[in-house]
Amino acid sequence: MKERERVQLENTKPFYFKKLFKVLFNYNKFNTSNWIDILADIYGDRKIFFLEKELDYGFFKGSSFTYKDMLKFINRMGNAFKELGIKKGDRIALITMNRLELAFAYFAGMKIGAVVVPLNAMYRPNEIKYVVENAEADVLVTDRQVFNASIVDIKNFPSVKKWIMLTREEVPEGFYSLSELMLNSSEELEPIEKNMDDIVSILYTSGTTGYPKGAILHEEAVTRTIKRMVLLGGLFPTFNRFLGLYVVPLAHVMGYVIIIAMCSMGLPCIFMSRFEPEEALKIMEKYGVRVFIGVPTMYALLSMAGAKNYDLSKMKVWGSAADALPREYLEEFQGYGGIRLFGKQLVPPLFFEGYGQVETTGITAIYIHPFFFRKWREKPFGCVGKPTRQMEVKIVDENWNEVKVGEPGELIVRGPRVIKGYWKAEDLNKTSFKDGWFRTGDIMRMDKKGRLYFVDREKDMIKVGGYSVFSKEVEEEMMANPNIAEVAVIGVKDKIKGQKPLAVVRLKPGARTTEEELLQWAKDNIAPYKAPRRVIIVPEMPYGATMKIDKKVLRKQYENIFLE
């Protein structure tokens, strides 16, 4: 961020009562197609994004965006999509590196009524092909890095009819250049009319069997998230120099919710395309960052990078989600920032932890650590907080019957932000949804105060640095290797990532391969975030009474393999 931009940030805050009036006046008008238009009217020339490198699209050149800049960019992109024949209800697949244009493409798709399908940039070709075919997305937006690494040849994706590349350079044969289309597009674009049942996005999340399943986000769910954040931003004053640091992948539901929240609340942020702990700490110190939200692994890496050696005294809000935050990192980072006098901390910074999933449009429950009285600040072990407003929860058994208070069972949720079903998955929908209730697959218990406590993951989910990895999905992908007869993928403790996937395999008779060769095959064919970090070949598997592989035995046997 240049010094001139810092000054501009300090001097472009809207008058409080004027801002509040506009927020309240427009509150019931907000939807996913017009929200950026209304925000641009409220915040105008206030900076919202600062970039590490300068962007040059011909019509725009710079390293920062005001709300007006963002609106014009999104309008040009939306008009470019419309020029290609994309209309309301069409699916647009987005797979790029973590870059700000990805968020703008998301917002542009929302504005013209298209259904946006973001894909993880680490997906392998077979995974990309499955998602675009399953979603029936005949338009795909990508960038040079992802194309070279994962797509390579568009002939391998026959279902995609229109290919679009985010670049000002020459594009491969068969591609449209989005920058060229935008250069000739208008900066004016009317938001499309929407109904509360319209589909906004299909977010693919790991399935218990086979490939990922598509969670359908409807207009009502996303609009409620936008309106809640806009209201918070309207009620609180717009402070000088109040700056956030954005580091979460945009294709992840957590990143999607955070970027919407920052825009809606009028919170300018520095956008990091790739999380590097030392660089993040330097940015926090240099620009006096006030807000940081990440996953527990990021806190571990920040700590290991020497957070204590940096000046983080300006920090006012820390946030963590996607997995349980170890107490040692909570206590460490609560010591940075807050309200200080003569270098001594008088009040710790606000620290909140969120629990949720794609199916609840991000947040199901939240725990805000109190500022005062240490005994109040000590979070009960395993507590993920209380359900958010308008989120009903129950703890039930396998027959949907509610269990007694304090007893473990599966968490089910219901509310306007809960999805109504998965895309093209009738059988799964029948078992996961009932009378508006959704089975989360997480084993929880609830105390008399209504607080939720996480017990276990019913579906053998593995949490790898904030990513959710399902063992069954990885097992089925591993079984594509012709040498493997059986495979069990388990989560094993790791100091940095929380857990790492370990694959235990039994080979087919006569198969000749090594653990190293299988590991390399997995790296080549499975997305890096979920690929096994180690493969162990065994002569036979442990079985339970029903002849299923007993994963409890394997977990016990290999529980310290990544700690050694």
Side-chain angles (χ1 to χ4, degrees), residues 95-98 118-132 145-152 156 204-213 248-249 251-252 274-275 295-298 300-301 322-323 457 459-507 511 513-538 541 549 551 554-555 558-559 561-564:
I95 180 166
T96 73
M97 300 301 288
N98 207 43
L119 282 73
N120 193 315
M122 292 189 288
Y123 274 170
R124 295 307 187 198
N126 59 312
E127 296 166 316
I128 297 172
K129 183 178 180 181
Y130 170 79
V131 171
V132 295
Q145 296 97 311
V146 173
F147 175 77
N148 291 338
S150 301
I151 296 175
V152 184
N156 294 327
Y204 278 79
T205 179
S206 296
T208 53
T209 59
Y211 284 100
K213 56 186 184 289
V248 184
H252 193 289
R274 181 182 175 86
F275 177 72
V295 299
T297 297
M298 292 178 179
L301 293 173
D323 206 351
R457 294 178 173 88
K459 303 171 185 176
D460 284 332
M461 185 192 298
I462 304 170
K463 284 286 189 178
V464 185
Y467 283 99
S468 298
V469 176
F470 285 84
S471 60
K472 191 67 176 178
E473 178 182 346
V474 183
E475 287 165 3
E476 291 203 5
E477 292 183 300
M478 288 290 292
M479 287 300 292
N481 186 294
N483 295 300
I484 296 176
E486 287 183 302
V487 58
V489 175
I490 58 175
V492 181
K493 294 178 183 178
D494 178 74
K495 292 180 179 178
I496 303 298
K497 295 289 186 179
Q499 287 183 309
K500 285 184 179 179
L502 169 71
V504 182
V505 304
R506 183 173 67 84
L507 301 178
T513 187
T514 65
E515 294 176 352
E516 289 74 22
E517 289 173 344
L518 290 175
L519 184 61
Q520 186 59 51
W521 183 93
K523 290 180 179 179
D524 294 338
N525 291 274
I526 302 175
Y529 75 94
K530 62 181 178 179
R533 303 304 195 268
R534 183 168 175 178
V535 176
I536 296 177
I537 298 174
V538 296
M541 294 284 194
I549 297 175
K551 290 188 175 181
L554 294 176
R555 290 191 187 100
Y558 299 111
E559 63 181 348
I561 196 167
F562 291 125
L563 302 178
E564 297 172 352

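Positions are given from 1 along the sequence.
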Kindly indicate whether the side chain of [X], heavy atoms from C-beta on, has any atom under 4.5 Å from the side chain of [Y].
X	Y	result
Arg506	Ile537	no
Ile561	Arg534	yes
Leu301	Phe275	yes
Lys213	Thr205	yes
Val538	Val505	no
Val248	Asn98	no
Val464	Pro501	yes
His252	Tyr467	yes

As an exercise, state the distance from [atom1] of [X] to [atom2] of [Y], rounded to the nearest 0.5 Å.
X	Y	atom1	atom2	result
Glu516	Thr513	CD	OG1	9.0 Å
Ile95	Glu127	CD1	CD	9.5 Å
Met478	Asn483	CE	CG	10.5 Å
Asn148	Gln145	CG	CD	8.0 Å
Leu554	Ile536	CG	CD1	9.0 Å
Asn156	Asn126	CG	CG	11.0 Å

Can you tell me if [X] uses its side chain to pair, donor with acceptor, with the backbone of [Y] under 3.5 Å?
X	Y	value
Arg533	Ala531	yes
Glu475	Val489	yes
Arg274	Met97	no
Gln499	Lys463	yes
Glu486	Leu507	no

Please report the closest heavy-atom contact between [X] and [Y], naming both atoms and the distance.
X	Y	value
Pro532	Leu519	O-CD1, 3.2 Å
Ala527	Arg124	N-CG, 3.7 Å
Ile128	Ser150	CD1-CB, 3.8 Å

Enclosure of Lys129 NZ (heavy-atom neighbours >12, cutoff 6.0 Å): no
Check against side chain to side chain contact (heavy atoms under 4.5 Å, CB included), Leu518 and Ile484: CA-CA 9 Å; Leu518 290 175; Ile484 296 176; 4.2 Å; yes
Tyr123 and Tyr529 aromatic ring geometry - parallel, tilted or perpendicular at 30°/60° bounds: tilted
side-chain hydrogen bond (donor to acceptor under 3.5 Å, both in side chains) involving Gln520 - partner list, sequence neighbours excluded: Asp524
salt_bridge(Glu477, Lys530) N-O dist < 4.0 Å: yes
Val504/Tyr558 under side chain to side chain contact (heavy atoms under 4.5 Å, CB included): CA gap, chis, key distance, verdict: CA-CA 10 Å; Val504 182; Tyr558 299 111; 3.9 Å; yes
